[in-house]
Number of protein chains: 2
Amino acid sequence: MTDSAGEAPSAPSSDNALTRKLARLAPLGDADRLALEGLEHSAEWIAPGARIMAEGEPPTAIRPLLEGIACGHKDFRDGRRQIIALLLPGDICGGHGRLRAPMDHGVRALTRARVASIPADGFAAILERHPAIAEALHKAALVDQAILRAWIVNLGQRDAHERMAHLFCELAHRMEAGGLQRDDSGFRLPLTQQELGSALGLTSVHVNRVVKRLRTETLIDLDHGVLRIHDLPRLEVLADFDPAYLSN
Amino acid sequence: MTDSAGEAPSAPSSDNALTRKLARLAPLGDADRLALEGLEHSAEWIAPGARIMAEGEPPTAIRPLLEGIACGHKDFRDGRRQIIALLLPGDICGGHGRLRAPMDHGVRALTRARVASIPADGFAAILERHPAIAEALHKAALVDQAILRAWIVNLGQRDAHERMAHLFCELAHRMEAGGLQRDDSGFRLPLTQQELGSALGLTSVHVNRVVKRLRTETLIDLDHGVLRIHDLPRLEVLADFDPAYLSN
DNA sequence: CGGTTGATTGAGGCTGCTCAAAAGGTGTGG
DNA sequence: CCACACCTTTTGAGCAGCCTCAATCAACCG
């Protein structure tokens, strides 16, 4: 919605989050970077809680997240909901490109978020003219696969405590890798316990009890949408966390 | 291992499973098809139960599955195991290409399987010279993502019966789409109940009870590694199955 | 035929769910 | 500034789906 203040006249003429992420995956030339920066024009601000992509929506545009946090989710008719992914700046929200199939899940902003929008045909042209970008996006899809696999393992094999710990470890590492706020003061994680439950396959009631215990054990703190990890190493042991899958 | 008989002097000069799958994802020219057929040379037979890719293995080659069934899995030190994917002919077993990161999971043959092997550098050359193949592989990765997401939803939100039903529905549809045996006589699914449990996040004991009930309700039959679906529509209702995510 | 692996069944227990209610926070309007 | 509504967090009590432990049975194999 808003567009008002804040957001500064931009950092040191810096690249946006998408460019930074793709550059980590494949060497980008100046022309590639320029093409990516051009996408800024299409960016719009989305209000916290607002929908970014609807399930069933045709992929007429690909939509990279430039700032903020979003989540992908699949809703059941009966009210059940599974959160499928947490998206950080640089991640692609939807219309991943080239596929004709409609979105198999929805995407919602968790914070105020800035999202670009590249029409599918313009996007095809970019991929053709910039093979390095195509390569980087392909690799990004493969890294996303690894994240999805880790999520499966989490849901399938770990109990509630390990599960939550693992999710928090993953987020800490991804935020750090993305150069996002990861001072020891914690980071923004604007999920209600209800939503955290939807991500972990747990009830909000049980989430509350698990958070309480992790807090008691001085591993974490979670208040007003701010997650503070007090002892990452110990949390990683609890979660049996191995960050290898997050690297390229 | 063996290489003996069977497998005929090849079907009507037909394409292999990989070519067929990629052709469904992007229009392939004759040169593209030729390049893909060339991979046949590198194909080798793998014994049922044998390892195709080890977790931690560097991705020195990409390995498409040409015939047979395989599964991706992640093992814990303490014996827990999560099966992450069931791979059908045309699927990529590992070394998905271009990424430097070592395999985050292992891959095992479930039946006797034929697997090609393309050295990473030769593969890079193919992608460069055949953008249509690169495009198809990118799309394949996106479809695989959708399958992984469905797997997450399955583990996170459904109870044991729905879960198993959903897995069987997915397999039926994927086999059909791949042109594999899907006569009403059922198809080969050489998973022990133990392994089925590893896929579904359940104990073998519980798997047994769930199978028993699905059998009693005349929905399916599962014997000696052959799954027979008696009433797919009813199974899909039970699983709340929507095949949309499997299409391109 | 013994040995091994997988399917099946029983009994009991625990994790995580359901139902329910109270308490804390926040925004709105009077 | 209080009253009220609404949402989220927190806590309690009871229940059940799935697990654990354990034993029996069935199939396959050298």
Side-chain angles (χ1 to χ4, degrees), chain A residues 1 47-50 71 76 78-83 108 110-111 154-167 188-216 220-228 238-239, chain B residues 47-50 71 76 78-83 108 110-111 154-167 188-217 220-228 238-239:
Chain A
M1 286 277 119
C71 76
F76 287 45
D78 64 9
R80 283 182 286 181
R81 156 178 299 182
Q82 177 67 41
I83 290 180
R108 261 182 48 226
L110 292 175
T111 63
N154 216 18
L155 291 172
Q157 299 300 327
R158 288 194 254 264
D159 71 24
H161 298 271
E162 300 170 326
R163 220 130 113 188
M164 189 176 295
H166 196 279
L167 177 61
R188 195 86 199 293
L189 184 64
L191 289 171
T192 65
Q193 294 186 352
Q194 172 75 251
E195 293 168 318
L196 203 47
S198 297
L200 296 170
L202 299 172
T203 309
S204 65
V205 172
H206 202 59
V207 164
N208 185 282
R209 296 186 163 122
V210 171
V211 168
K212 180 160 102 174
R213 199 178 105 186
L214 293 183
R215 191 181 283 140
T216 305
I220 64 154
D221 218 327
L222 181 56
D223 279 305
H224 296 274
V226 172
L227 174 65
R228 189 182 288 266
L238 169 58
Chain B
C71 76
F76 286 45
D78 64 9
R80 282 182 286 181
R81 155 178 299 182
Q82 177 67 40
I83 290 181
R108 262 183 47 225
L110 292 175
T111 62
N154 216 19
L155 290 172
Q157 299 301 327
R158 287 193 254 263
D159 72 23
H161 297 269
E162 301 170 326
R163 220 130 111 188
M164 189 176 295
H166 196 279
L167 178 60
R188 194 87 197 293
L189 184 64
L191 288 171
T192 64
Q193 293 187 352
Q194 172 75 249
E195 292 169 319
L196 203 46
S198 298
L200 296 170
L202 300 171
T203 309
S204 65
V205 173
H206 203 61
V207 165
N208 185 283
R209 295 185 164 122
V210 172
V211 168
K212 179 160 104 173
R213 199 177 107 185
L214 294 183
R215 190 181 282 140
T216 306
E217 294 174 349
I220 64 152
D221 218 329
L222 181 56
D223 279 306
H224 297 275
V226 172
L227 174 66
R228 189 183 287 267
L238 168 58

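Chain letters run A, B, ... following the sequence lines, proteins first and then strands; every chain starts at 1. Note that these values count all heavy atoms, side chains included, but never hydrogens, waters or copies made by symmetry. None of these values were measured; they are calculated from a predicted model.
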Tell me the interatomic distance from [X], atom [atom1], to [N], atom [atom2], rounded to whole angstroms.
X        : N      : atom1 : atom2 : answer
A:Gln157 : C:dT15 : CD    : P     : 17 Å
A:Leu196 : D:dT9  : CG    : C1'   : 13 Å
B:Asn208 : C:dG10 : CG    : P     : 11 Å
A:His224 : C:dG25 : NE2   : C1'   : 8 Å
B:Arg213 : D:dG17 : CZ    : C1'   : 11 Å
B:Gln193 : C:dT9  : CD    : P     : 10 Å
A:His206 : C:dC14 : NE2   : C1'   : 11 Å
B:Leu202 : D:dA16 : CG    : P     : 20 Å

Please determine, for the side chain of [X], which listed nucleotide ([options]) has the closest atom?
X        : options               : value
B:Asp159 : C:dC17, D:dT9, D:dC18 : D:dC18
B:Thr192 : C:dG6, D:dC19, D:dC28 : C:dG6
B:Ala160 : C:dA7, C:dG16, D:dC18 : D:dC18

Side-chain donor/acceptor contact of A:Arg209 with base of D:dG12 under 3.5 Å: yes
At under 4.0 Å between heavy atoms, what does [X] touch on the DNA or RNA strands: base, sugar-phosphate, or nothing?
X        : value
A:Gly225 : nothing
A:Gly197 : nothing
A:Val205 : base

Please name the pair of heavy atoms, one in [X] and one in [Y], separated by the smallest distance, quoted to 0.1 Å.
X        : Y        : answer
A:Gln194 : A:Ser204 : CA-CB, 3.7 Å
B:Ile83  : B:Ala199 : CB-CA, 3.7 Å
B:Ala239 : B:Arg158 : O-NH1, 3.2 Å
B:Arg215 : B:Leu222 : NH2-O, 2.8 Å

Are [X] and [N] close enough that a side-chain N or O sits under 4.0 Å from OP1 or OP2?
X        : N      : value
A:Thr203 : C:dC17 : yes
A:Gln194 : D:dT8  : no
B:Arg80  : D:dC19 : no
B:Lys212 : C:dA7  : no

Under 4.5 Å between any side-chain heavy atoms of A:Arg163 and A:Asp159, yes or no? no
Can you confirm whether B:Leu238 sits close enough to B:Leu214 that some side-chain heavy atom of one is under 4.5 Å from a side-chain heavy atom of the other? yes
Charged N-O contact under 4.0 Å between A:Arg80 and B:Glu162: yes
Nearest-nucleotide wise, let me know which of A:Arg158 and B:Asp223 is further upstream toward the 5' end of DNA chain C. B:Asp223
Salt bridge (charged side-chain N to carboxylate O under 4.0 Å, His left out) pairs, two or more places apart, involving residues 190-201 of chain A: A:Arg108-A:Glu195
Rounding to 10 degrees, work out the angle separating the end axes of the helix from C:dC1-D:dG30 to C:dG30-D:dC1 (five pairs an end). 30°
